[in-house]
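Every chain is numbered from 1 and lettered A, B, ... according to where its sequence line falls, protein lines coming before strand lines. Predicted model, so just to flag it, every value in this text is computed and none were measured.
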Amino acid sequence: MCLLLGTAFAQQRFAVIGKVLDSRGDAVPGATITEKGTSNAVAADDAGNFRILVNPGATLNIAAIGFTAYDVPAAAAVKVRLQNSNAMMDEVVVTALGIQRSKNSLGYASQEIKGDEISKLRTNNAAAALSGKIAGLEIRQGNGIGGSTNVVIRGFKSVTGNNQALFVVDGIPIDNTNNNTTDQTTGRDGYDFGNAAADINPDDIASINVLKGAASTALYGSRAANGVIMITTKQGKKGLGVTVNSGVMWSRIDRKTMPDYQKEYGAGYSDPYDEAGFFVGDPDGDGVEDYIVPTSEDASYGAKFDPNLMVYHWDAFDVDGPNYLKKKPWVAAQNDPRDFYETGLTVNNSIFITGGNDRASVKLGYTRNDDKGSLPNSRILKNMINFGLNYKITDKLTISSNINYSRIDGNGRYGTGYSGQNVNQNFRQWYQTNVDIKEQKDAFFRNGRNVTWNWADPLADPSELGPIYTDNYYWIRYKNFETDQRNRIFGYVKADYKLTDWLSLMGRITVDNYSEFQDERIAIGSTDIPEYKRFDRSFNETNFDLLATVNKDLSTKLNFKALAGVNLRKSAISSTKIGTSGGLVFDDYYAISNSVGPLSPPIELYQPKRVDGYFAGATFTFDEFITIDGTFRRDRSSALPVDNNAYNYYGISGSWLFSHHLENLDWLSVGKLRLNYATVANDAPWGIVNDTYTYLDNTDAVSLALFGGGAVFSLPSRKNNQVLKPEQSTTQEAGLELAFLKGRLGLDLTFYKVNSIDQIIPVTTSTATGYSSAYKNAGEMENKGIEIALTGKPVSTPNFSWDINVNFTRNRNKLISLFDTAKNLLLATTQGGVSVNATVGQPYGTLQGKMVETLNGQKVVDADGYYIETTTTTNVLGNINPDWMGGIYNTLRFKDISFGFLIDIRKGGSVFSLDRYYGAQTGVTVDWAGLNDLGNPKRDDPADGGGIIMPGVTEDGKINTQHVVKDAYVALPVSEFVYDASYVKLREVVLTYALPARIIEKTKAFKSIELSLIGRNLWIIHKNLPYSDPEENLSSGNIQGIQSGAYPTNRYLGFNLKLSL
Amino acid sequence: MKKILWICAVPLLVLSSCTKHIEKYNDETKRPVEVTGGPLLTNATINLVDGLASASVNTNVFRFTVQQWAMTTYQDEVNYDFFTRRIPDAWWSRYYKDVLADLKAAKAAVTAIPDKDILPEVRANQAAVIDITEVLSYSILVNSFGNIPYSQAVDIGNVFFPEYDDASTVFSDLLTRLNADIAAITPAAEGFEPAQDLLGGGDMAKWFMLANSLKLRMGMTLADIDPSTAKTAVEEAAPNVISSNDENVFLSYLESPPNSNPLYDDIVLGNRREYIATELIMEYLQGWSDPRIDQFFVPNTSAGEFAGSISGKVSTRSSFSLPNGNISNPTAPALVFDWTEMEFLKAEAIERGFAVEGTAEGHYNDGIKASIFWWMVNINDSAEIDAQAAVDAYLAQPGVAYATAAGDWKEKIGTQKWLGLYNRPYEAWTEQRRLDYPVLKEAFAPISGYPNRLPYPAIEQQVNGGSYTKAAAEIGGDKVEVKLFWDIN
């Protein structure tokens, strides 16, 4: 710091007076003049004049819309002439393999976003921050702490394979697997452990470029078939630079995404029980029988609340509680489950130091993100270190390296799905509205016991008193929690050698290495079997790349670029999973050795893989307006049968900058046409070629291996295939880029069509074959769509500017065929009998199940007034794909204040809510109580004017007017609980104030100080799914469209201070 | 510059040397590519017996079908709803996928052992053990569904969507195979390792007895439809079947999951407390002061009395008898063949005029004795003298005594056999269908008529539609009320 101050002190600032002109000598008003490397900037006036105070030796950057930016050394007087430019599209973007290209020469779609736009949000997940910003990119992020992010570009292409985009950081492909179990992703039970791309430090990102189509990604090989999120990290710059970010965010749940609890009726399943809906007994032994709440009944279709009625609640049986053997009025709870959620707190600090001289540059960054969730006892702590070095040893040889270390410690991730470890399973599906959550809290913290409201038998002897289905929620959070840890190192070392002025060589080794550990515990005294289990997994990948690049002007008008290279990839996954058996021996001792029963052998995996590839590409650019690209790659993969393990990719793309011929059109700054065609092949998942035996049971969850002294082995349920061949997909894409009015308005339009054929699919067989499925090359899936990106600058004055970015995506997906006569492939089933399917002739991911019979499109009721259900279970109730998605980003800048906000829109797509399905059978929410159309209580007997009308028609087509009972025993068909998943969200709001240069100057230490007020997910402007967030999902992956025990949206609000030294 | 090129070439050189056998990377090193027959037989046997023993509402609901157990809250399965929980899918897939597929692989593994490594009679014994287990498994499938995939089944290399075979043709082929297996056994020679052979413990004499017991059962199944085949099979088998409880064939479960008794996993670990006695079984047990009542059930908690509930009606748990915990011990044995069953089969054979030693009454009395002894002595460890006294007292009642018990031989034998097959729900269902006694009560709110068969799995409709439709038409419709080919009376 002393050094810094000293340096600052030594500087003597001076004034520069200047004028900005265009090529014809006319004044350019409103140009921005920036002292490079600082935030010190001024705007030129209407006559193009400016004055700025700068440090000695400073460089000025002069930028104006519609002109090429220009750097000039600071002098007392400066006059610059700016050249008309092709505006905003004449920028350099990073393409596959890190090659920099002029965007005007690209024959395929790509969309770039600057690192600032990610880091200023202070989110801990860079992928989630892309939502709504990139056309063609669909992000789905659940509301759990540290949950996985589904990142799909241009729709689901593979029926059962991976559909996630590939993350590449500085040329290093990052494994983005989530290891969530099938049970977790289909809504049974488990935890969402997130995916590995969360290990990328948002503060280290210089830019993200999204490569959407196969033509742009073919050089990466098959892994990039689903598109690439290409991240370029920050690099050291000349001189010392220090950036410190310090931010705090608070989060509260959005109460509109939780149930609105009815306050009229309490515990019970529409049954009189002993009397009037209560148990009857004499707990206090005074010889008078009293009413007791039916604690074993996890529903709220019970007795009507009556403040004058004194009854024994659950707490009357808590021997340590203040209400032991005391009656209380029969009323609704003061504090409902929404009050279980706490205020989340995220504290985020980071420091980045960069430096360099003529030959070398270096960067070192450290970020600590401490995230306390809104559920009690939940925390995710991330520590990330980024180090980069670049050293130009000679004029020809440069060596560089980038090393990233991250450590994530998770504690108390949210239990998901239909699980006792997910509090929302109860809050949404099985709850008594008379239970006060604060009283449950006090009951747990009084002595740390599992004091539930859900006593199996309230009159049981205190030693026998225990829960029937549900533990105390605080017990769940503080006793039955998980922990996890992931340590990861990824990075590269690289040497670049400039052989001649037109030929360069690059050699690089990249490494991605992580190990993770997850454990789960169920304490003694819980309703579930006490257990401890752990999962240890490691992943490593090494890539060896050798690349030669050519860049040569063949004539004054013809430029030739080419590259050729080799890529060798080695990766391996290794894991072990083991758990206790039959319970735990000792309390609060969580180790495998604490098992009651003998252990089953651990489930071990070891999956090494090897892919060798070579590739070449050539680019011809004629007179800077016509560019033709060709790429070729051939891979050989260990995962395919040896006779058929090599496969090729081809891509050809062209662009024509037609505005080059229309320079006299003032209003058109850029006009470009793009066309491309590419084929991509893909290998198989690991280990599906040769048959092996298994030691797991038929759910693949328990290892058998030994029965006493005898070994146990079995054939697996899935038949492998020794004659598999690679999968194929072809992509056709056309695009148009236009910029008008010197770049004040821009349009980027893309049409594409992707057909994936010969997919490697586990075809569902008759189980009379001895197998449930068999791998085949079969099936074709088609995705076609439109992407539109619009940019505008409606206002641009020196003091005030308004930028607007709009993007729109529409993808249409269709499964064209499966194997042979097979028409359906079941992806998942949920409770209630809803399945997620890939069905021929339908979009991927149809939700199917029984539905209400219809007559002329109207739902039909029977003579009793209840819905008639179909017997078939294959009715399509919806599908997971949105009709379209869009985002609108506005940035308003007034002097030193800028204000940005993002509206994120998804239209269409469906979600099945198991929460609403069961919630209707337990009557917890307001819509199952209250008054009917006649103004009488819905729950009253229809004979007394109560009941509800099932909207629809009778079997002879007349409008149904019959009132019927809707109680715990009337289950509505699942089709009534498939909802439109549309939403409009105010996703981001950022208000930033940068301290003016004159104040910064006085500090003599800082280059800039920025204070930001940040809001995320502040407002769901529109949705059609009651009491929940339509975006909430269980996990990333192919199984979407199911909500079970859904978590509410977290609204984040906080601030960040950014200091640059 | 040479140096630089060399540096760049290093990664290439290092790596190109290791890629000769790239396919090796895809080899599974944590699971075996080849195993011997024993571990496969073990797995098949566990899955076979687990299915018979289980009381999970997702697996085996026949205790409800034959009205020995009822449920407190959820009445779907008790009221014959097999669809909600896709029970036919689970039952079918268990026997095809988890039993027959492994047996087929076991057979291939046994055959693949080089001649010099194994004595011919041992090889023949092992092949017979596998084939007998296959016959038993197919007999369960055919007696559950009717027509089933057989000639094209378990042949994934050739057929993904097998056609169904006629049930009686399948049954007759199974009997032929069983005869050949019995002939192939050399009782004095070795079979599988004792630890791998969970039913026979490596003892081929036991397998000889097991095979004959199966033959007696299968022969009798044909008694109404094909008396001459039945007579031959029953007369051939009868002298060689189980004739004491010590010879009973059962799976001996271990202390902890996954190798504990499925009833322990379900009732104790799974905390399922909704199984209760039926009114029907209580009528018989209480009416004749059955000494097994304490072995089967415990008194209710509200009044300390034995009480059974109406099948299919919501019932408060504390008012009814729960199953005795003796069947849900982790190590509780699961019977596959027993002395009780054999005695009742012999009694029936004599009534049908087949040449079997003894009298119908004698075998009937022995069947009852076998059952009471099993529960009192083998399960509960009572003194044999007490058990004999209990048997004598029980048989002394006019309602029980063969001479005076109500009805014809079918009713007498059927009723006592139904009690004797307690906790053997699949066999109890098959024998009740065949003998039609005891007369069951109508479930409280049945969704269909009495199930004489399981409907075909829903997934067969979806993936094997052509074969399914043909089979359904041939058996007279895929309905639960349709009777199987042998169920003609």
Side-chain angles (χ1 to χ4, degrees), chain A residues 397 495 497 505 507 509 527 529 544 546 566 568 581-582 596-598 600 604-606 608-610 612 636 638-639 642 645 686-687 689-695 697-698 702 704 707-715 717 719 763-772 774 820 822 824 873-874, chain B residues 1 4-5 7-12 14-15 19 22-33 35 38-40 42-43 46 92-93 96-98 100-102 104-105 148-149 153-156 159-162 193 195-196 198 254-259 269 271 457-460 462-464:
Chain A
L397 179 65
Y497 190 77
L505 295 175
I509 298 175
T527 48
I529 305 170
F544 297 85
L546 193 59
V566 183
L568 308 176
S581 170
V596 167
S600 288
E604 294 173 90
L605 280 184
Y606 178 63
K609 190 165 171 174
R610 180 74 194 252
D612 296 344
R636 193 165 65 119
S638 63
V642 70
N645 67 356
W686 183 88
V689 173
N690 299 314
D691 288 313
T692 58
Y693 292 90
T694 175
Y695 56 91
D697 75 345
N698 49 25
V702 176
L704 305 169
F707 189 97
V712 182
F713 283 104
S714 161
L715 286 173
S717 307
K719 176 73 180 161
V763 173
T764 311
T765 59
S766 164
T767 46
T769 57
Y771 291 87
S772 326
D820 198 14
N824 193 61
T873 57
T874 50
Chain B
M1 171 161 141
I4 303 305
L5 280 176
I7 288 164
C8 293
V10 164
L12 202 61
V14 168
L15 277 136
T19 49
I22 191 168
E23 72 279 7
K24 290 280 174 216
Y25 284 83
N26 211 28
D27 287 351
E28 176 65 86
T29 52
K30 297 295 175 192
R31 297 180 192 195
V33 176
V35 296
L40 294 165
T42 309
N43 183 65
I46 293 168
W92 171 286
S93 126
Y96 277 113
K97 184 166 75 67
D98 304 327
L100 287 163
D102 287 331
K104 187 177 182 189
I148 51 164
V154 197
D155 186 16
I156 191 92
V159 187
F160 274 22
F161 308 111
E193 288 290 319
Q196 304 286 183
L198 302 183
L254 309 179
E255 276 293 344
S256 59
N259 297 326
L269 290 182
N271 215 11
I459 189 137
E460 281 291 295
Q462 283 165 325
V463 305
N464 194 14

Revision key, fill the gap. On a heavy-atom basis, the closest approach of B:Pro149 and B:Trp92 is CD-CH2, 3.2 Å
Exercise for review: Verify, without hydrogens or angle tests, whether B:Lys104 (side chain) and B:Val154 (backbone) share a donor-acceptor contact under 3.5 angstrom.
Suggested key: yes
Practice item. Would you mind checking which part of B:Val159 comes under 4.5 Å of any heavy atom in chain A, side chain (CB onward), backbone (N, CA, C, O), both or neither? Key: backbone
Practice item. Heavy-atom distances under 4.5 Å only: say whether B:Asn464 touches chain A with side chain, backbone, both or neither. Key: side chain
Practice item. Could you look at A:Thr764 and say if it's the side chain, the backbone, both or neither that has a heavy atom under 4.5 Å from chain B? Key: both
**Study point:** Residue among B:Pro457, B:Ala153, B:Pro258 with most heavy-atom pairs under 4.5 Å to chain A
**Key:** B:Pro258
Practice item. Just give me the residue among A:Thr874, A:Val712, A:Asn645 that pairs up with chain B most often, heavy atom to heavy atom, under 4.5 Å. Key: A:Val712
Check your understanding: Does B:Thr42 use its side chain to pair, donor to acceptor, with the backbone of B:Gln196 at less than 3.5 Å?
Key -> yes
Review point. Judged by modelled atom types alone, do B:Asn26 and A:Ser638 share a side-chain donor-acceptor pair under 3.5 Å?
Key: no
Practice item. Among the options B:Asp102, B:Leu198, B:Val463, pick out the one with the most heavy-atom pairs lying under 4.5 Å from chain A. Key: B:Asp102
Point to revise | Exam field: side chain A:Trp686 to backbone A:Tyr606, donor-acceptor pair closer than 3.5 Å | key: no
Point to revise | Contact class of A:Asn690 relative to chain B, heavy atoms under 4.5 angstrom | key: side chain
Check your understanding: For A:Ile529, is it the side chain, the backbone, both or neither that has a heavy atom under 4.5 Å from a heavy atom of chain B?
Key -> side chain
**Study point:** For A:Ala768 against B:Tyr96, the heavy-atom pair lying closest together
**Key:** CA-CG, 3.5 Å
Exercise for review: Considering non-hydrogen atoms only, spot the tightest contact between A:Thr692 and B:Glu28 and give its length.
Suggested key: CG2-CB, 3.4 Å
Practice item. Could you tell me which portion of B:Pro257 (side chain, backbone, both or neither) has an atom closer than 4.5 angstrom to a non-hydrogen atom of chain A? Key: both
Point to revise | B:Glu255 portion near chain A, given a 4.5 angstrom heavy-atom threshold | key: neither
Practice item. Check each atom of A:Tyr695 against the heavy atoms of chain B and say whether the ones under 4.5 Å are side chain, backbone, both or neither. Key: side chain
Review point. Would you say B:Glu23 has more than 12 foreign heavy atoms packed within less than 6.0 Å of its CD?
Key: yes
Point to revise | Shortest non-hydrogen contact between A:Thr767 and A:Ser772, atoms and distance | key: CG2-CA, 4.1 Å
Point to revise | Proximity breakdown for A:Lys609 and chain B, heavy-atom pairs closer than 4.5 Å | key: backbone
Check your understanding: Tell me, side chain or backbone of B:Ile46 under 4.5 Å from chain A's heavy atoms, or both, or neither?
Key -> side chain
Check your understanding: Side chain, backbone, both or neither: which part of B:Ile459 has a non-hydrogen atom closer than 4.5 Å to chain A?
Key -> side chain
Practice item. Answer with side chain, backbone, both or neither: which region of A:Thr527 has an atom nearer than 4.5 Å to a non-hydrogen atom of chain B? Key: backbone
Exercise for review: Considering non-hydrogen atoms only, spot the tightest contact between A:Ala774 and B:Ile156 and give its length.
Suggested key: CB-CD1, 4.3 Å
